[in-house]
Amino acid sequence: SQELEQSPQSLIVQEGKNLTINCTSSKTLYGLYWYKQKYGEGLIFLMMLQKGGEEKSHEKITAKLDEKKQQSSLHITASQPSHAGIYLCGADRTGANSKLTFGKGITLSVRP
Amino acid sequence: DGGITQSPKYLFRKEGQNVTLSCEQNLNHDAMYWYRQDPGQGLRLIYYSQIVNDFQKGDIAEGYSVSREKKESFPLTVTSAQKNPTAFYLCASSKGQVNSPLHFGNGTRLTVT
């Protein structure tokens with residue numbers, strides 16, 4: 001079974017609209033990482049969340065980790081075409097090292 | 001600028017041939033990783049190394065081999081035993097400590113026919 005579930009699988013939004021995507025685990029996580037990927041390229045690190053209830057923002061992107069450290073959301077405000085891509089969440093399941101398990105990713109398209 | 005270099009970007013091989021993918025980093029990171037990405041399946045860990053001359057199997061190591069003779073380099077060999085080698089391969093590195101983000105290369109797309 002997939003240990004990290006991401007939803008929705010894909011998303012199309014009109015430029016300027018807000019959106020939220022999610023990443024859910026059945027187990028408590030030691031760290032949750034958000035990455036962005038353009039098709040055929042490597043992953044770009046966005047943010048890392050460690051503590052229950054933690055929230056971080058960078059430009060128009062805000063990521064939150066719930067109190068139980070099992071669910072994270074990524075919110076984009078006033079989406080732009082540059083936000084289009086694949087968003088992946090990765091998780092540290094052991095707390096022993098930096099090895100990460102990833103979700104399947106969410107494909108975001110932004111219509112001009 | 002520091003970063004991770006994967007080469008080549010595209011690689012084509014005939015079935016039955018071994019092929020080696022290159023990964024070099026100049027970030028002075030201790031840990032390095034190889035992931036495979038297939039459509040609809042996300043990233044899956046093949047091998048990882050937390051220190052020179054040591055490496056561990058990930059979730060899908062069968063049909064692959066690695067070496068870590070230098071801190072900067074972590075080549076991946078896709079052997080003829082790998083049943084479905086066609087995929088996008090991503091190399092990453094990190095400081096190796098808990099809560100250290102992974103930094104990724106731009107990937108190598110391997111096609112085996």
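All values reported here derive from a predicted model rather than from experimental measurement. Throughout, protein chains are lettered first and strands after them, A, B, ... in sequence-line order, and every chain is numbered starting at 1.
Atom CZ of A/F45 sits about 11.5 Å away from atom OG of B/S94, to the nearest 0.5 Å.
The environment of CD in A/Q14 is crowded: more than 12 heavy-atom neighbours from other residues, nucleotides or ligands sit within 6.0 Å. Environment of NZ in A/K27: sparse, with no more than 12 heavy atoms of neighbouring residues, nucleotides or ligands closer than 6.0 Å. Atom CG of B/L27 has more than 12 neighbouring heavy atoms from other residues, nucleotides or ligands inside a 6.0 Å radius. Within 6.0 Å of the NZ atom in B/K95, the count of heavy atoms belonging to other residues, nucleotides or ligands does not exceed 12.
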Start with the C-alpha distance between B/Y33 and A/K99, add both sets of side-chain angles, then the distance that settles side-chain contact (heavy atoms from CB on, under 4.5 Å), and finish with yes or no.
CA-CA 8 Å; B/Y33 310 80; A/K99 183 178 66 167; 4.3 Å; yes
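In this structure, A/Y35 and B/F104 have perpendicular ring planes: the angle between them is above 60°, well past the 30° mark.
A/L88 is connected to B/F88 through a chain of hydrophobic side-chain contacts under 4.5 Å among Ile, Leu, Val, Met, Phe, Trp and Tyr, so both are in one cluster. B/Y89 and A/L100 are assigned to two separate hydrophobic clusters, defined by single-linkage of ILVMFWY side chains at heavy-atom distances under 4.5 Å. Linking ILVMFWY residues whenever their side-chain heavy atoms come closer than 4.5 Å, directly or via other members, places B/L110 and B/V66 in the same cluster. Hydrophobic clustering of Ile, Leu, Val, Met, Phe, Trp and Tyr side chains at less than 4.5 Å, counting indirect connections, keeps A/L49 apart from A/Y30.
Contacts between A/L43 and chain B at a heavy-atom distance below 4.5 Å involve backbone atoms as well as side-chain atoms. Both the backbone and the side chain of B/L43 come within less than 4.5 Å of a heavy atom of chain A. Proximity to chain A (any heavy atom under 4.5 Å) is shown, for B/S100, by both the backbone and the side chain. Using a 4.5 Å cut-off between heavy atoms, B/Q37 contacts chain A through its side chain alone, with no backbone atom that close. Residue contact with chain A, scored on non-hydrogen atoms closer than 4.5 Å, involves the side chain of B/K9 exclusively. With a 4.5 Å cut-off on non-hydrogen atoms, B/L102 touches chain A through its backbone and its side chain both.
Most heavy-atom pairs under 4.5 Å with chain B, from the set A/G90, A/G40, A/G31, A/G105: that is A/G40.
Of all heavy-atom pairs between B/L90 and A/Q37, the closest is CD1-NE2, 4.1 Å.
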